[in-house]
Structure formats: C-alpha cells, structure tokens
Number of protein chains: 2
Amino acid sequence: MIFEKLQDINEPDLLELLQAFQAIMKKETFSKRQLLHEEGTVCDYLFLIQTGIARSFYYKDGKEITAHFAVENTSITAIDSFVQRKKSRYNIEVLEDSEVISISHQDLYTLLEEKPQYEKYVRMFLEQIYVDLAERIEDLLFHTAKERYDKIIENTPDLLQRVQLKHIASFIGITQETLSRIRTQV
Amino acid sequence: MIFEKLQDINEPDLLELLQAFQAIMKKETFSKRQLLHEEGTVCDYLFLIQTGIARSFYYKDGKEITAHFAVENTSITAIDSFVQRKKSRYNIEVLEDSEVISISHQDLYTLLEEKPQYEKYVRMFLEQIYVDLAERIEDLLFHTAKERYDKIIENTPDLLQRVQLKHIASFIGITQETLSRIRTQV
DNA sequence: TTTATTATTTGACAATTGTCAAGTGGATTT
DNA sequence: AAATCCACTTGACAATTGTCAAATAATAAA
C-alpha cells in the first residue's frame, strides 16, 4: 500500500498527509468483469483495491496472459503507461464485484508539485512495487511452474477459489492443461 | 541515468543538485571479472557505469544466470537488497576493465533526509528503472528467445562482441546451445 | 430437477528446448 | 609453429510443455 511505512512521521504531518491523499482518492464500485483500464489507451489512474480482486492482462497470440493480481489492500495500474503517459498494452479488470479507490495521474502529480514533501512517500511506494516486481521476475526465473504454483497457494490460499485456473496458469507462465496436470501429480 | 529528465529545473537549482550528488559519488576503477557486489551480503551501493560493462547474476542449479547488463551511462545494483537492507542473491561483476561511480545507501538516504527537495529525482529514477524492469518482464513473456535475441542485437549491437554468448543466453532465458542453434537458422 | 453453460481434466501426439558429449575454430602462450 | 586454452557449434537423444480434441465436473439458468 502507498502508506505502508509511515513510522518516521509525526502525527500532525501524518494527518495532513492522509487528508491530502484522501482528497484525491475517489471510491467507485465496479461489477465483476468490468474493465478499470483498456489497452491502447493511456492509463490515467492508480487503483487501490479495497474489496474484491483485480487483474491486469494482455494478449499474446490471441490468448490472455495475466500479468498481475491485486487483492484487497494492494494496488494495480498499467504503471509504464501511467508514468510515461504512453498507450498501454495491458487491460485491467475486476474479477469480482469490487470497491476500488482511484487516484488520477493529474491529481497525484499536481499534489506532488504543490506539496513536494510528499515526494518521499511516492518514492517509498515506488521502491516497494519495484521490489515486488523484482521478486516476480526472480520467481519466474528461479522456480519451476510447480514451485510458483505452490507459492501462490501459500501466499494467497483463497486465490484458487476466487479466480479461474487459466488466469493462474498464464500468470505463472504455463498453459491451463499443464497446470491441471501439475496439480494432480502431488 | 539518475539525472535523465531535468527539463523542469532552473539553472542554479540544477547546479546545486549536481554538486550535491557529485559530493556523494565515488569513482573507482575495476578490472575485468572483479566483483562490485557479492551474494549473501547487503548491497550498499548504487553503481553507475561510466566506461566498461557490468552484469548482475545469480546461481540456479549451480549455473550462472545473468539478470541484467549495464553498459556505459546506465546503473546497476541489487536493488531489492539496496532498498530493503537484506541479503542479496545476486552478484555483480564487471566484464571489462571499467570506471564505475558508486553511491552509498547511507550517503544517498542521508542526503535525502537533509535535502528532501531531491526526493523528486530519486522518485523519477525509480520510475525509470521500474519501467525498464517492466519492459524486461514483458520481453520475457511476450517474445520468443529468437525475438529477444534480435532485440538485443538491435538495441546493443556491440554487446555480442563484448560479452560471452553464454551470458546473453542465460539473460534471455535459454541455454547457450539453443542460442547457438537459433543464430545459425536465419 | 433438468438443461445449458462454463470450468477443469485427460488423452494422444507434436514441437521445443535441455542435456551431455564431442568437435571445430580462433586466439594466446611458450 | 606447436601446444594449450577457451568460446562456440553440432549431434543424438531425453524430458518438458504445448496443442487440439474430447470427456468430465461444477455452476448457473430455466
């Protein structure tokens, strides 16, 4: 989350910080299968999932590949598009009816212009998601499909009940059939 | 590079910024095969390659896997370790005699404490390397080994002359033998 | 409950890539 | 120039995973 590490901030400043960010957060409800962002467009929002679950995905050879799942209290966006203001190859959809907070690029960067003292928290947020992404790469490179699957079950046990197997399969880089076979041979 | 996008800063401020960062940059010369960072330790430095070339790599099943190449005017570090202050699984070595600028974690974060107006530039740096990393993931997922190889040749034509084939092979996620076969069947 | 729809599993086979061993060619050393 | 070393290539075969089609299971709709 964007406000993960706030240990080194005093209370009045924290309150001001939270209020400033709350002012640019808009809460919306999306219903299952609704798109938060569509490929080919510039992604103008950073989404924070309050309830529900979302995924980002792209098409490869006509097939959907899931790049990221975002459960409660995690964020999702097409960040290359969000940061660089260029068209995205990703779609983002909610997989359940979800409550989502969106922060617009415009609002966030205007806030940073006005209150440069908040740069630090965005920097910390970026550090966090960078590390997460680096872990994902490590995971893809270091571990077998079976190991990646087991790790998902361990970290997010309810994911299996909440999303389709094909999404998990494409997320860990294999076909649904192969994942199905891996699951039975335990 | 860390100072890539400085269009929106006036001259006196830019000068001060550059001087502040120069004060914490230490230039060193490393000879071919020398390690900038060793696995199992916390990575205390962000390295900027001035001349030469470096790579980060880790061991999988006893074999070296190259995670990243850094040519002139690009940066390299074990960033998850650098940011989170935890032991790294990566090694970093120079593949040629190289001039390297190092910025210590301590110095950088002390500078940010003292001059929070520089947070913005570190934030921009993180945005940049995040996008680079996201592109690398996309590349691994979207493209075949052959396509990834062709892209490297296109983006960094001299890489082939400068580093061993096995490093490029492990970087694009295949064995050296497979890469060798891919290269001949053009 | 029955039907329809969607999700998951299984089978047979093809394609891709890895493994290990051997060979080639170029550069360096003595 | 011969010997040595190292990077790269090639061959034969095994292992893994993908593809496509069909079957089964699970869920939603009538």
Side-chain angles (χ1 to χ4, degrees), chain A residues 31-34 52-55 57-67 69 93-97 139-153 156-186, chain B residues 31-34 53 55 57-67 69 93-97 139-153 156-186:
Chain A
S31 50
K32 189 172 176 173
R33 302 241 60 188
Q34 219 178 330
I53 191 165
R55 71 171 182 129
F57 66 97
Y58 55 85
Y59 288 94
K60 174 171 184 178
D61 304 332
K63 286 169 194 157
E64 290 184 4
I65 310 287
T66 295
F69 291 110
E93 72 168 4
V94 297
L95 298 172
E96 300 171 351
D97 296 350
D139 198 48
L140 275 169
L141 294 176
F142 268 94
H143 304 293
T144 63
K146 166 117 187 66
E147 289 168 337
R148 299 201 296 275
Y149 176 76
D150 291 342
K151 210 169 163 188
I152 288 176
I153 303 299
T156 325
D158 62 336
L159 199 69
L160 257 181
Q161 279 71 51
R162 297 174 70 184
V163 312
Q164 289 182 28
L165 197 68
K166 64 180 176 184
H167 296 150
I168 295 176
S170 72
F171 179 72
I172 62 179
I174 58 177
T175 61
Q176 170 172 336
E177 292 91 334
T178 299
L179 178 53
S180 178
R181 286 179 181 117
I182 283 170
R183 299 212 297 175
T184 55
Q185 58 183 248
V186 180
Chain B
S31 49
K32 188 172 176 173
R33 302 243 57 191
Q34 219 178 330
I53 190 164
R55 71 174 181 126
F57 66 97
Y58 55 86
Y59 287 93
K60 175 171 185 179
D61 304 331
K63 287 169 194 160
E64 290 183 2
I65 310 287
T66 296
F69 291 110
E93 72 167 1
V94 297
L95 298 171
E96 299 171 353
D97 296 349
D139 198 48
L140 275 170
L141 294 175
F142 267 95
H143 303 293
T144 64
K146 166 118 188 66
E147 288 168 336
R148 298 202 296 276
Y149 176 76
D150 290 343
K151 210 169 163 188
I152 288 175
I153 303 298
T156 325
D158 62 337
L159 200 68
L160 258 181
Q161 278 71 53
R162 296 176 71 185
V163 311
Q164 288 182 28
L165 196 68
K166 64 178 175 185
H167 295 150
I168 295 177
S170 72
F171 180 72
I172 63 180
I174 57 177
T175 61
Q176 171 171 336
E177 291 91 333
T178 300
L179 178 52
S180 179
R181 287 180 178 113
I182 283 170
R183 300 211 296 176
T184 54
Q185 57 182 252
V186 183

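Heavy atoms only: backbone and side chains are in, while hydrogens, waters and symmetry mates are out.
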Quiz prompt | side-chain hydrogen bond (donor to acceptor under 3.5 Å, both in side chains) partners of A:Glu177, counting only residues at least two apart | solution = none
Quiz item: Under the side-chain hydrogen bond (donor to acceptor under 3.5 Å, both in side chains) test, which residues partner A:Lys151, sequence neighbours left out?
Solution: A:Asp139
Self-check item: Residues forming a side chain to side chain contact (heavy atoms under 4.5 Å, CB included) with B:Ile153, sequence neighbours excluded
Solution: B:Tyr149, B:Leu160
Quiz item: Mapping A:Leu179 and B:Lys166 onto DNA chain D by nearest heavy atom, which one lands closer to the 5' end?
Solution: B:Lys166
Quiz item: Using Watson-Crick and G-U wobble pairs with both distances under 3.5 Å, what is the 5'-to-3' dot-bracket string of DNA chain C, with [ ] for crossing pairs and | for pairs outside the strand?
Solution: ||||||||||||||||||||||||||||||
Protein-nucleic acid N or O pairs under 3.5 Å, nucleotides 20-29 of chain D:
residue	atom	partner	partner atom	Å
D:dC20	N4	A:Glu177	OE2	3.3

Quiz item: With sequence neighbours left out, what residues match B:Asp150 under salt bridge (charged side-chain N to carboxylate O under 4.0 Å, His left out)?
Solution: B:Lys146
Quiz item: Does A:Glu93 have any side-chain hydrogen bond (donor to acceptor under 3.5 Å, both in side chains) partners at least two apart in sequence or in another chain, and if so, which?
Solution: A:Arg33, A:Arg55
Exercise. Just grab all the salt bridge (Lys or Arg N to Asp or Glu O under 4.0 Å) pairs involving residues 157-172 of chain A, residues at least two apart or on different chains.
Key: A:Glu72-A:Arg162, A:Glu96-A:Arg162, A:Asp158-A:Arg162
Quiz item: Contact boundaries of DNA chain C with chain A (under 4.0 Å, heavy atoms), 5' to 3'?
Solution: C:dA7 to C:dA12
Quiz item: Between B:Thr66 and B:Ser170, is there a donor-acceptor pair closer than 3.5 Å when you use the side chain of the first and the backbone of the second?
Solution: no
Quiz item: For B:Thr175, what residues pass the side-chain hydrogen bond (donor to acceptor under 3.5 Å, both in side chains) criterion, not counting sequence neighbours?
Solution: B:Thr178
